[in-house]
Amino acid sequence: MEKEIQIKRKRRLTKDQWTAIAFLIPSFLLILVFVYGFIGWTGYVSLSNWNTLVPDFSFAGLKNYIFLFHDFRFQADLRNTLFFTVLFIGLVIILGMGIAILIDQKLKGESIFRNIFLFPMALSFIVTGVVWQWLLNPSTGFNHFLSKVGIEPKWYTDTNVLAGFEWGNIEFGLPVAIIAVVIAAVWQMTGFSLAMYLAGLRGIPEELREAARMDGASEFQVYRKVVLPMLLPITVSVIIIMAHISLKIFDLIYAMTGSGANFVTDVPGVYMFETTFRGNYYANGAAIAIIMLLLVAIFIVPYLWNSRKGDQ
């Protein structure tokens with residue numbers, strides 16, 4: 001009996017715990033309404049017939065989703081998102097890790113180099129889009145210099161698709177124009193990857209590297225067998241964060257290229273904006289938003305699940 005009383009006393013919340021709960025409840029309610037509530041509302045609208053200015057919440061089933069997956073523009077959006085994501089993540093990881101390794105060599109003026117590469121992160125994607133739109137304009141920017149050696153790329157105005165083959169209603173392959181957008185995005189986000197890898201490199205004890213060198217490992221082997229494996233958690237984090245950015249990218253592409261000729265630079269975010277707020281096809285726009293959410297969840301949910309298991 002006494003043990004039960006002691007257990008009940010232990011289970012009672014302290015004054016500090018009640019205070020913490022009181023502060024958390026408003027945030028919990030706001031997140032519940034303005035995040036999960038709006039997600040639920042968007043899902044509800046995506047299953048309706050509301051594709052005019054007049055609301056129509058009659059049930060349409062998966063009609064809007066079926067329409068999208070047969071739509072030429074949305075198929076092009078998925079193709080563009082795939083190639084943009086792969087190129088963007090790959091280059092951000094390679095450049096961020098490479099620059100971090102170079103800066104970690106105790107270079108003179110290290111802080112100057114670090115700040116130079118981190119500076120683009122202080123800009124918004126809108127500013128980056130406008131600047132790179134001018135720099136990669138076929139009639140201005142870099143082409144002023146490239147034309148002198150007989151090279152005049154079309155950059156984001158190019159409608160060619162490399163190694164393309166027919167897939168659905170589109171030509172599936174790498175759109176040349178998307179490379180220009182990748183360059184701008186990589187320029188802005190490499191600094192984030194650099195900071196992550198540099199922090200990881202500084203967290204690796206020097207004793208581990210010295211022990212590998214004493215065992216006869218070359219400098220290349222030290223990085224391949226000691227340093228890079230220890231940076232794997234950072235690489236996973238960078239992949240998740242960059243995938244989250246690339247799958248829902250909107251502002252950079254909207255400011256830099258828009259949907260592009262033949263939708264070669266279009267992405268679901270731009271399509272959703274134009275469908276919902278310019279075309280007034282609210283159910284179709286909501287369906288695009290739900291598909292974007294699911295694409296992001298494919299990367300985020302497994303990562304959060306593994307992190308939770310690791311904490312336990």
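Owing to the predicted nature of the structure, the values given are computational and were not obtained by experimental measurement.
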Is the closest side-chain heavy-atom distance between [X] and [Y] below 4.5 Å?
{"X": "Phe277", "Y": "Met272", "result": "no"}
{"X": "Ile249", "Y": "Phe125", "result": "yes"}
{"X": "Arg73", "Y": "Asp77", "result": "yes"}
{"X": "Val238", "Y": "Met97", "result": "no"}

Kindly check if the number of other-residue, nucleotide or ligand heavy atoms within 6.0 Å of CZ (Phe250) is above 12? yes

Neighbour count above 12 (heavy atom, 6.0 Å) for Ile112 CD1: no

Of all the heavy-atom pairs spanning [X] and [Y], show the shortest one and how long it is.
{"X": "Met196", "Y": "Ser237", "value": "CE-CB, 3.9 Å"}
{"X": "Arg224", "Y": "Pro229", "value": "O-CD, 3.3 Å"}
{"X": "Phe263", "Y": "Ala76", "value": "O-CB, 4.0 Å"}
{"X": "Pro175", "Y": "Arg79", "value": "CG-NE, 3.7 Å"}
{"X": "Leu201", "Y": "Val227", "value": "CD2-CG1, 3.4 Å"}
{"X": "Ser48", "Y": "Ala283", "value": "O-CB, 3.4 Å"}

Scan side-chain atoms only and decide if [X] and [Y] contain a donor-acceptor pair under the 3.5 Å cut-off.
{"X": "Asn280", "Y": "Tyr282", "answer": "yes"}
{"X": "Ser46", "Y": "Tyr65", "answer": "yes"}
{"X": "Asn49", "Y": "Ser58", "answer": "yes"}

Hey, is the main chain of Val92 close enough, under 3.5 Å, to the side chain of Ser193 for a donor-acceptor pair? yes

For the aromatic rings, using the six-membered ring if either is Trp, is the centroid distance between Trp41 and Tyr44 under 6.0 Å? yes

Give me the ring orientation class for Phe165 and Phe172: parallel if the planes are under 30° apart, tilted from 30 to 60°, perpendicular past 60°. tilted

